[in-house]
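What follows is a set of notes on a single structure, which appears directly below.
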Amino acid sequence: MLDLQLLRQDLDAVVRGLGNRGLSFDRDTFERLEQSRKRVIQEAETLKAERNKVSEEVGRLKREKQDAEHLILQQREVGEKLKALEHAEKEAETAFRDFLALVPNLPHESVPVGKDEHANTEIKRWGTLPTLDKPLDHTELGTRLGILDFDRAAKLSGARFSVLKGLGAKLERSLATFMLDRQIAAGYTEVIPPYLVNAESLYGTGQLPKFEQDLFKMPHGESSLYLIPTAEVPVTNLYRDEVLSADQLPLRHCALTPCFRSEAGSYGKDTKGLVRQHQFHKVELVSFCAPEEAEAELERLTGHAEAILEALELPYRKVLLCTGDMGFSSQKTYDLEVWLPSQNTYREISSCSWFGDFQARRANLKYKPADPKAKAAFLHTLNGSGLAVGRTWLAVLENYQQPDGSVRIPAALQPYMGCAEIR
RNA sequence: GGUGGGAUGGCCGAGCGGUUUAAGGCACCGGUCUUGAAAACCGACGACGGGAAACCGUCCGCGAGUUCGAAUCUCGCUCCCACCGCCA
């Protein structure tokens, strides 16, 4: 949610910022909704103030054993009018909120303006690309090694699911544990959150109301629960409707969870292999901090994701997303892209974002600044993958493949795997 | 699934139809006193919305209802606690 004050005071800046995302902000609708909301609020409040006064008068008369019948009759009419007005007030309030709920965050000033991923800025490249004559893709490598099975997964669930077996399963588990251990050592407190969340949680981080079609929704009693698309949702919402004290900040959490995405609208994209699945594991980093620390925190958090790739000696590049390529809630995002020999290109393996107070407004996440005279204020939220486990799995297979079809295990991972290769 | 108890400001806790503009306490803040601090005393002290301001409105878990008037009465729901049943 954008700051209402900003919308009122500098609508031009909002229109400009959203324009940089390639969106046109409907100024007329906003102004119409804002004004009708204000009008009906003022009307209702005037009437309520009047009602309260007369009711007080009735109370006084009754106490003094005087007749108040004429006032009570008069009040009945006011009550009727008020009921209608309160209804209109609620409607206007809802229309206004619904409109704002669909408006994405404004890009930070340091974000390059552009329409799609071609305008992203490469920040750095790390690592040496493997020299392979004829690199196989991970699907072929994994299937040949007997550690990856898409056919049987299709039998169980359909397309975009996978079965990992033997050392393939162990590799997934080793990677996840390795990442968690590293991030815990870097200062993140591990949490294991629910994998099913309510609609309020998804609203808080910005997946709802706009992106319901991307989620798996489960009927539950009268309402529904959703499978989490990322641990960002439950972990960011941990402190929803709370006021944290300044000395708790920055508050850093990591979580290993499965992630579920319906991938609606991505038909034909990455249909083969593990790149785009309905279910995958991810270690997520989430940080809550004071606004003045947030920009540096994004660099720090991204660094913690990079450290995993470097520890695993996987070549990657770091990209600053342009305005047109950023997610709904983000104001600045770095993507980390790992080298995939079979595709002869870099593919996203982590996305690290700074949301400003956008999610904090939606989730009512506040902190009490150190200055005892200061009022509670919205804090800043950040998160990033550290890393997507499934994509790391396939990156290891492809980058560490040997001419004979076996796969070496990165040195840092060998203690977890208990072996040096898969063959 | 069943029965009973509960949900009030940052925290504890009173209130059970109209002086509640939510008592009282704790914490925090300002002041007096003090070399400084503590103690004591005095004062201030919630969130959200409307308004240039004065001020007004809303908020006692959530939603409906009764009433001139609801923290207080009625109904529905959610969550927490205890016990029973079932269960990994």
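Here is how names work: the chains are called A, B, and so on, in the same order as the sequence lines, proteins then strands, and each is numbered from 1.
With rounding to whole Å, A/Asp241 atom CG is found 13 Å from B/rG9 atom P. Rounded to whole Å, the distance from CG on A/Asn52 to P on B/rC55 is 17 Å. Between the CG atom of A/Asn364 and the P atom of B/rG49 there is a distance of 11 Å, given to the nearest Å. The distance between atom NZ of A/Lys368 and atom P of B/rG46, rounded to the nearest whole Å, is 11 Å. Between A/Leu225 atom CG and B/rC79 atom P the separation is 10 Å, expressed in whole Å. Rounded to an integer number of Å, the gap from A/Leu7 CG to B/rG49 P is 13 Å. We find that CG of A/Leu85 is positioned 13 Å from C1' of B/rG57, with the value rounded to whole Å. In this structure, the CD atom of A/Glu86 is 8 Å from the P atom of B/rU58, given to the nearest Å.
Residue order along RNA chain B, read from the 5' end via each residue's closest nucleotide, puts A/Ala376 first among A/Ala376 and A/Ala49. Taking for each of A/Lys366 and A/Glu50 the nucleotide of RNA chain B with the nearest heavy atom, the 5'-most of the two is the partner of A/Lys366.
In the model, A/Ser351 has a side-chain atom that pairs as donor or acceptor with a side-chain atom of A/Asp335 under 3.5 Å. Side chains of A/Asn198 and A/Ser201: a donor on one and an acceptor on the other come within 3.5 Å.
For the ring pair (Phe, Tyr, Trp, His ring centres under 6.0 Å) test, residues two or more places apart in sequence or in another chain that qualify with A/Phe288 are A/Tyr239.
Nucleotides B/rA70 and B/rA82 place their P atoms 36 Å apart, quoted to the nearest Å. For B/rC87 and B/rG2, the C1' atoms lie 16 Å apart once the distance is rounded to whole Å. Comparing the C1' positions of B/rU20 and B/rC41 gives an interatomic distance of 27 Å, to the nearest angstrom. When the C1' atom is compared between B/rA71 and B/rA14, the two are found 12 Å apart, to the nearest whole Å. Distance check on atom C1': B/rA39 versus B/rC33 gives 11 Å, rounded to whole Å. Remark: the separation of the C1' atoms in B/rC80 and B/rC28 is 29 Å, to the nearest Å. Separation of the P atoms belonging to B/rC26 and B/rA44 is 16 Å when rounded to the nearest angstrom. B/rC45 and B/rG24 are spaced 15 Å apart, taking the C1' atom of each and rounding to whole Å.
The shortest distance between the side-chain N/O atoms of A/Lys53 and the OP1/OP2 oxygens of B/rC55 is not below 4.0 Å.
Look at B/rC83: its Watson-Crick or wobble partner, with both distances under 3.5 angstrom, is B/rG2. The partner of B/rC28 cannot be assigned: no Watson-Crick or G-U wobble pair with both contacts below 3.5 Å exists in any strand. Shown here, B/rG17 forms no base pair; nothing in the strands shown gives a Watson-Crick or G-U wobble contact with both key distances under 3.5 Å. Within the shown strands, B/rG50 is the pairing partner of B/rC55 under the Watson-Crick or G-U definition, both distances less than 3.5 Å.
The distance from the CD atom of A/Glu212 to the CD atom of A/Gln207 is 12.0 Å, given to the nearest 0.5 Å.
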Table please: side-chain donor-acceptor pairs of residues 78-88 of chain A below 3.5 Å, with sequence neighbours left out.
none

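Residue A/Arg37 is classed as a sugar-phosphate contact, given heavy-atom separations below 4.0 Å to backbone atoms only. Counting non-hydrogen atoms under 4.0 angstrom, A/Lys38 reaches the backbone sugars and phosphates but no base. Using a 4.0 Å heavy-atom distance criterion, A/Arg8 is classed as a sugar-phosphate-only contact.
A donor-acceptor distance shorter than 3.5 angstrom exists from the side chain of A/Arg362 to the backbone of A/Ala101, with no hydrogens or angles considered. Counting only distance, with no hydrogens or angles, the side chain of A/His281 and the backbone of A/Thr257 share no donor-acceptor pair below 3.5 Å.
For A/Arg300 and A/Glu297, the salt-bridge test passes: some basic side-chain N is under 4.0 Å from an acidic carboxylate O.
If you check distances only, the side chain of A/Gln42 never reaches the base of B/rG51 with a donor-acceptor pair under 3.5 Å.
Comparing B/rU58, B/rG49, B/rC48 by their nearest atom to the side chain of A/Ile41 picks out B/rG49.
Ring pair A/His278/A/Phe216 is perpendicular by interplanar angle, where above 60° counts as perpendicular and below 30° as parallel.
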Close N or O pairs between protein and nucleotides 67-75 of chain B (under 3.5 Å):
unit_1: B/rC68; atom_1: OP1; unit_2: A/Arg76; atom_2: NE; d: 3.0
unit_1: B/rC68; atom_1: OP1; unit_2: A/Arg76; atom_2: NH2; d: 2.5
unit_1: B/rC68; atom_1: OP2; unit_2: A/Arg76; atom_2: NE; d: 3.4
unit_1: B/rC68; atom_1: O2'; unit_2: A/Ser55; atom_2: OG; d: 3.4
unit_1: B/rC68; atom_1: O2'; unit_2: A/Gln75; atom_2: NE2; d: 2.8
unit_1: B/rG69; atom_1: O4'; unit_2: A/Ser55; atom_2: OG; d: 3.1

